[in-house]
Each structure stands twice: as structure tokens, then as C-alpha cells.
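In what follows, a structure is listed as C-alpha cells, so that the remarks can point back to it.
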Amino acid sequence: MAVLLDGKVMAAELMEGLKARVEALKNKGVSVGLAVVLVGEDPASQVYVRNKGKACEELGILSETIRLPESTTQEELEALIDRLNHDHRMDGILVQLPLPKHLDEAAVLRKIIPEKDVDGFHIENAGKLFTGQEGVVACTPKGILHMLKTAGVPLSGKDAVVIGRSNIVGKPIAMLLLNENCTVTICHSRTKDLSAHTKRADILVAAVGKAKFVTADMVKEGAAVVDVGINRVDGKVVGDVDFENVAPIAGYISPVPGGVGKMTIGMLMENTVEAAERKAK
Ligand code: GUN
């Protein structure tokens, strides 16, 4: 039976450490603030945004959630970001994705000054990750790596397979694992014989967006399986991995809920505290 990569426990530990850092900043007269922007009414995004606000509250971080209507124009959204870029109370700016179709996501993300880009989505931060320079790393990939390292999963020289090639998860986690000296394969919807790849993986990251997509026959015995999926099936949240059947053969496995999602929020808090610490210097 696999060792559980317990996001609840690991995130709680992370939050404890961050609480002390926020406190230390406050004692120096430095406040910490995060602005979260949500455009439209996407139900999943509303849940995520609410959880981000709660985490700020837990740490004593000032948070402001700005909810804009679906009909918001590119100009209006960019004007808001411009205002937040200049707002000294805000160390981080997060625009919840996905944005409504009529908005230019890449242009919006470029508008956030890289110092306040706590999601690590600005091309400057993405480019730094790509070229091995220090920058802000996207929260979900950063959280996944933190999980693997905390659990003591060996990485160097291991075969890592990532299913999914998004800018938010697939591409950055592939880059982080490459930096840890894994041999990385990125699979996606056009990959031929996906199982042939996944069965070789010592580390398997599933970021597909399809419930129970990764089945036991696709997993190598003893592999570390990280489930990034959040799928709603009959009102229940399930991951991309068939947990019940994969857990008995995996070496490590992250559950959904209580896995990667908790780490994502923890890393968002860490990126926000780090931005405030940079400001304080
Ligand atoms: N949508 C899904 N994941 C994320 C994330 O980590 N950050 C933002 N801003 N939007 C998302």
C-alpha cells in the first residue's frame, strides 16, 4: 500500500512557518497583502477564490477580492491591474483563470508587474524557470515538488512522466522535475500509446482533467503518483487517478481532495510572503 502524500498535513506545517514570517514582518512594520481578481461567475473559480481569501485570513495577510462582471472589457481589467501594481498595500496580484473567452489572458498576465506576480504566470517568471534563474514559481508545480521532497521521494536520475501540457501545471512541473535531474516525458491528448510511457514512470503527475483517467494498469509498481485533477462527479470531487485501485500498487500517492490543492494554496501564501519580504529589504 502506498505512502499517502498528505496535502493537509504538509500544508498545515507550511502555514505554521508562514504565520511566523508574517508576524516577523508585522513586527518590523511591514504588512502583507494579496489582491485576488475574479472575472465572471465560474462556480469552481468562486470556490478557489474563497479558499485563497480564507488562507490569507488564517495567516493575518490582508486580502482583497475584486469580483468583476463577465462583461468586463480588456481595458477595464488592465486598468484595475495597473491600479493594483501601484497599490503599496498589495504585495501580490492574482487573476483567477480561466478568464472569459473575450479577454486576452496572456496580455492580462503580462500587465502584472513580475514582483507582484505571485502565480508565477508572467512571461518573465516563466522564462526564468525555463532558463534556470531564480524567480516566482507557479503554485501548483511548486507545491507538487514540495510534496515529493517532503516525502523523500528520490528524484535524481528517475523517469518522470507528466500527463498534461498546460502553462499552469504541465509545462512548469516538467521544468522543475528536469531541474531535479529527472528524465522527463510530457504526454498529452495526442500522445500515442500513453500507457507505454506511464508504465515506465517512477514519478507520474496526472494533470488531465478527466475523472479516474489513470488506472492501475498504467502505473509502475512503487511509483510516486501525484494527482492534480479536480473533477466533479455526482456532486463529489474526484481526481484524475483511480485512487482506490492505484494506491495498492503505488509507492506514494496524493489523494483528492486533501492533496495537491492544499499545497497550491500554501505555495500561493509562500509566494505572497516572499514578495513582502523582498519589499521589506
Ligand atoms: N486556475 C487554476 N489554477 C490556477 C492557479 O493556480 N492560479 C490562478 N490564478 N488561476 C488558476
Side-chain angles (χ1 to χ4, degrees), residues 10-38 48-66 77-97 105-146 167-169 172-173 175-176 179 261-281:
M10 292 185 198
E13 234 164 75
L14 187 71
M15 293 287 276
E16 275 312 303
L18 291 173
K19 212 175 210 170
R21 285 162 72 180
V22 172
E23 199 61 34
L25 283 165
K26 279 191 179 159
N27 291 339
K28 285 200 278 184
V30 181
S31 68
V32 186
L34 173 66
V36 176
V37 181
L38 173 60
Y48 302 150
V49 162
R50 209 176 314 127
N51 289 339
K52 288 166 186 179
K54 275 191 213 160
C56 284
E57 203 175 306
E58 194 183 326
L59 295 184
I61 294 175
L62 168 73
S63 83
E64 185 184 359
T65 302
I66 299 137
L77 183 53
E78 291 194 18
L80 169 66
I81 292 170
D82 197 44
R83 172 171 82 66
L84 294 170
N85 281 338
H86 291 94
D87 184 339
H88 296 296
R89 299 170 308 145
M90 296 303 168
D91 301 289
I93 303 168
L94 179 149
V95 177
Q96 187 64 33
L97 303 180
E105 187 173 292
V108 168
L109 296 176
R110 269 201 307 276
K111 189 81 185 172
I112 300 170
I113 54 169
E115 292 77 11
K116 295 194 180 189
D117 170 37
V118 285
D119 256 330
F121 292 166
H122 190 285
I123 44 170
E124 184 173 311
N125 284 316
K128 282 179 168 173
L129 176 61
F130 215 85
T131 52
Q133 299 173 69
E134 198 160 311
V136 183
V137 176
C139 307
T140 300
K142 194 178 177 185
I144 293 169
L145 189 64
H146 183 91
N167 291 333
I168 295 180
V169 182
I173 187 59
M175 209 48 62
L176 286 176
N179 290 345
K262 291 272 183 290
M263 300 307 295
T264 296
I265 299 216
M267 289 303 161
L268 172 64
M269 296 299 107
E270 182 171 274
N271 284 348
T272 304
V273 171
E274 281 174 3
E277 287 171 344
R278 281 196 303 274
K279 171 185 74 176
K281 275 208 190 131

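Note that this is a predicted model, so its numbers are computed, not measured. Quick note: numbers below take in every heavy atom, side chains included, and nothing from hydrogens, waters or symmetry partners.
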How close do Ile173 and Pro141 get, heavy atom to heavy atom, and via which atoms? CD1-O, 3.6 Å
Start with the C-alpha distance between Glu58 and Met269, add both sets of side-chain angles, then the distance that settles side-chain contact (heavy atoms from CB on, under 4.5 Å), and finish with yes or no. CA-CA 10 Å; Glu58 194 183 326; Met269 296 299 107; over 6 Å; no
Atom pair CD1 (Ile112) and CZ (Phe121), whose distance is rounded to the nearest 0.5 Å: 9.5 Å
Between Arg278 and Glu115, is there a side-chain N and carboxylate O pair less than 4.0 Å apart? no
Taking Lys116 for its side chain and Leu84 for its backbone only, find out whether a donor-acceptor pair lies under 3.5 Å. yes
Quick check for you: to the nearest 0.5 Å, what is the distance between Arg83 atom CZ and Met90 atom CE? 8.0 Å
How many angstroms lie between atom CG of Asp91 and atom CD1 of Ile61, to the nearest 0.5 angstrom? 8.5 Å
Hey, what do you get for OG1 (Thr264) to CD1 (Ile168), rounding to the nearest 0.5 Å? 10.0 Å
Measure the shortest side-chain to side-chain distance between His146 and Glu270 over non-hydrogen atoms and say whether it is less than 4.5 angstrom. no
Could you go step by step and tell me if Met10 and Glu13 meet the side-chain contact (heavy atoms from CB on, under 4.5 Å) rule? CA-CA 5 Å; Met10 292 185 198; Glu13 234 164 75; 5.8 Å; no
Taking all non-hydrogen atoms of both residues, which atom of Gly135 and which atom of Lys128 are closest, and how far apart? CA-CD, 3.9 Å
Side chains of Asn179 and Leu129 in contact at under 4.5 Å (non-hydrogen atoms): yes
Taking Ala138's backbone N and O only, do any of them form a donor-acceptor pair with Asp119's side chain (distance below 3.5 Å, no angle check)? no
Can you establish whether the number of heavy atoms outside Glu134 located under 6.0 Å from its atom CD is more than 12? no
Measure the spacing between CD1 of Ile144 and CE of Met267 and express it to the nearest 0.5 Å. 10.5 Å
Flag the pair Lys19 and Glu23 as a salt bridge only when some basic side-chain nitrogen lies within less than 4.0 angstrom of an acidic carboxylate oxygen. no
Is the number of heavy atoms from other residues, nucleotides or ligands under 6.0 Å of Lys142 NZ greater than 12? yes
Would you confirm whether Lys111, through its side chain, and Ala79, through its main-chain N or O, come within 3.5 Å as a donor-acceptor pair? no
Scanning both residues in full, the closest heavy-atom pair of Val22 with Leu59 reads CG1-O, 3.3 Å
Of all heavy-atom pairs linking Ile93 and Ile81, the shortest is CD1-O, 4.3 Å
Got a donor-acceptor contact below 3.5 angstrom from the Asn271 side chain to the Val137 backbone? yes
Using 0.5 Å steps for rounding, measure from the NZ atom of Lys52 to the CG atom of Leu94. 4.5 Å
Between Ala276 and Leu25, which heavy-atom pair has the shortest distance, and what is it? CB-CD1, 3.9 Å
Donor-acceptor pair, distance only, cut-off 3.5 Å: does the side chain of Asn85 make one with the backbone of Ile113? yes
Using every non-hydrogen atom in the two residues, find where Gly127 and Thr131 come nearest and quote the distance to one decimal. O-OG1, 2.8 Å
